[in-house]
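Have a look at the structure below, then the notes.
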Amino acid sequence: MATLGIPQNTIAVLQKYNFNFQKRFGQNFLIDTRVLEKIIEASGITKDDFVLEIGPGIGTMTQYLCESAREVVAVEIDKNLIPILGDTLGAYDNVTVIHEDILKLDINRLAEEKNAGRPIKVVANLPYYITTPIIMGLFESHVPLESITIMVQKEVADRMQVGPGTKDYGALSLAVQYYAKPEIVANVPPNCFMPRPSVGSAVIRLTRHAKVPVAVEDEKLMFSIIRASFNQRRKTLANGLNNSPEIRLTKEMIQESIAELGMPLTVRGESLTLEQFAAFANIISRKMKEN
Ligand code: SAM
């Protein structure tokens, strides 16, 4: 099978199967061999690796993954793509296509079965509307992960990488940086896809930390605090927390905790670093226990 990264080959497959793009599944297929090579290079895949691909489409990137990995599992939601993948991946005996919604798949079990529970690599050109639930789902369910190399909307890639004091900084930045080291490895313009998306894209690699970078006693509480402080962006940290049903502390206790952190009462969540959120969560956790 000729590489699908060449536009004429993708068009030939789409015509052969009379394929209709499904907007609801965020289908924009890659048609640029340089971008495909860049993703493979950035993911650092070797013949020892088991790779999970999310959303293979017609199998464009899957072909490259089959060439470079030991074994590939590709999970695709659109049933109309399953026979096409049987055709475009027919030459490879190291790939399994699963027809399923990735958000419903037990990835921990898959990693156990296919990689004896050792860390897996995830590669995906994601539909933009499920980027955050997929990434957070992978991290929070503690799937054994080495890295996630993904194409996302440019703006979302920026959000994952930035620190305090920038307009893109938020709950996603903190969550990603708590679990992994994010690095944007390529910017990808709309003309590298068929059909063209309306926004620019970027490939970002998230390399999981061997050990989380901050000492936090109650991870869940820290993320509740982070969410509460970014839910109301224009509000101060104190007001954000006062309005949160998850933080069971009086206004005075919240103010005391902020003072204990060494911050003014007018501080906004958007100016705190991950280390400060962790320290603050530890203070709040102690106060909630005392209370
Ligand atoms: N990887 C292909 C490429 O680069 O050309 C296709 C990328 S396209 C942006 C996203 C793919 O994810 C589509 O094939 C779509 O059907 C699939 N998809 C969308 N939602 C999904 C879900 N919840 N689970 C699995 N696949 C999904």
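One-based numbering, in listed order, for ligands and for the atoms of each. Reckoned from all heavy atoms, side chains included, excluding hydrogens, waters and symmetry mates.
In this structure, the ring of Tyr178 has its center no less than 6.0 angstrom from the ring center of Phe277.
Considering backbone and side-chain atoms together, Asp101 places an N or O closer than 3.5 Å to an N or O of ligand 1. Ligand 1 has a nitrogen or oxygen under 3.5 angstrom from a nitrogen or oxygen of Gly55. Any N or O atom pair closer than 3.5 Å counts here, and Leu126 shares no such pair with ligand 1. Between Ile54 and ligand 1, no pair of N/O atoms sits closer than 3.5 Å.
Residues meeting the ring-ring contact (aromatic ring centres under 6.0 Å, His included) test with Phe25, sequence neighbours left out: none. Every side-chain hydrogen bond (donor to acceptor under 3.5 Å, both in side chains) that Tyr128 has, sequence neighbours left out, goes to Ser201.
Side chain of Gln276 to main chain of Thr273: a donor-acceptor pair is present (N/O by atom type, distance under 3.5 Å, no hydrogens or angles).
Annotation: side chain of Asn108 is in contact with side chain of Pro144 (closest heavy-atom distance under 4.5 Å). The shortest distance between side-chain heavy atoms of Val75 and Ile54 does not fall below 4.5 Å.
Exactly one residue among Gln27, Gln22, His99 makes a side-chain hydrogen bond (donor to acceptor under 3.5 Å, both in side chains) with Asp78. That residue is Gln27.
By the criterion of side-chain heavy atoms lying less than 4.5 angstrom apart, applied directly or through intervening Ile, Leu, Val, Met, Phe, Trp or Tyr residues, Val199 is grouped together with Met151 in one hydrophobic cluster. With hydrophobic clusters built from ILVMFWY side chains whose heavy atoms lie under 4.5 angstrom apart, Leu138 shares a cluster with Tyr129.
Atom 2 (C) of ligand 1 has Pro56 O, 3.3 Å as its closest protein atom, hydrogens excluded (heavy atom only). Scanning the protein heavy atoms around atom 16 (O) of ligand 1, the nearest turns out to be Glu76 OE2, 2.6 Å. Of all protein heavy atoms, the one closest to atom 26 (N) of ligand 1 is Ile77 N, 3.4 Å. The nearest heavy-atom contact from the protein to atom 5 (O) of ligand 1 is Leu30 N, 2.8 Å. What sits closest to atom 24 (N) of ligand 1 on the protein, heavy atoms only, is Ile102 N, 3.0 Å.
Taking every non-hydrogen atom of Gly26 and a distance limit under 4.0 Å, the qualifying atoms of ligand 1 come out as 8 (S), 9 (C), 10 (C). Counting atoms of ligand 1 from 1 in the listed order, those under 4.0 Å from a heavy atom of Tyr129 are 19 (C), 20 (N). Under a 4.0 Å criterion applied to the non-hydrogen atoms of Ile130, ligand 1 contributes the atoms 20 (N), 21 (C), 22 (C), 23 (N). Close approach of ligand 1 to Glu53 (heavy-atom distance below 4.0 Å) involves ligand atoms 1 (N). Atom numbering of ligand 1 starts at 1 in the shown order; those under 4.0 Å from a heavy atom of Val75 are 25 (C), 26 (N). Set against the non-hydrogen atoms of Asn125, the atoms of ligand 1 under 4.0 Å away are 1 (N), 3 (C), 4 (O), 7 (C), 8 (S), 9 (C), 10 (C). Those atoms of ligand 1 with a heavy atom of Leu81 less than 4.0 angstrom away are 14 (O). Within ligand 1, counting atoms from 1 as listed, the ones closer than 4.0 Å to a heavy atom of Asn28 are 7 (C), 8 (S), 9 (C).
In this structure, a donor-acceptor pair under 3.5 Å is absent between the side chains of Glu140 and Tyr179.
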Checklist entry - Does the salt bridge (charged side-chain N to carboxylate O under 4.0 Å, His left out) test come out yes or no for Lys220 and Asp218, once each step is laid out? => result CA-CA 6 Å; Lys220 222 168 141 246; Asp218 186 342; over 6 Å; no

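Ligand 1 has Glu100 within reach: a non-hydrogen atom of the residue lies less than 4.0 Å from it.
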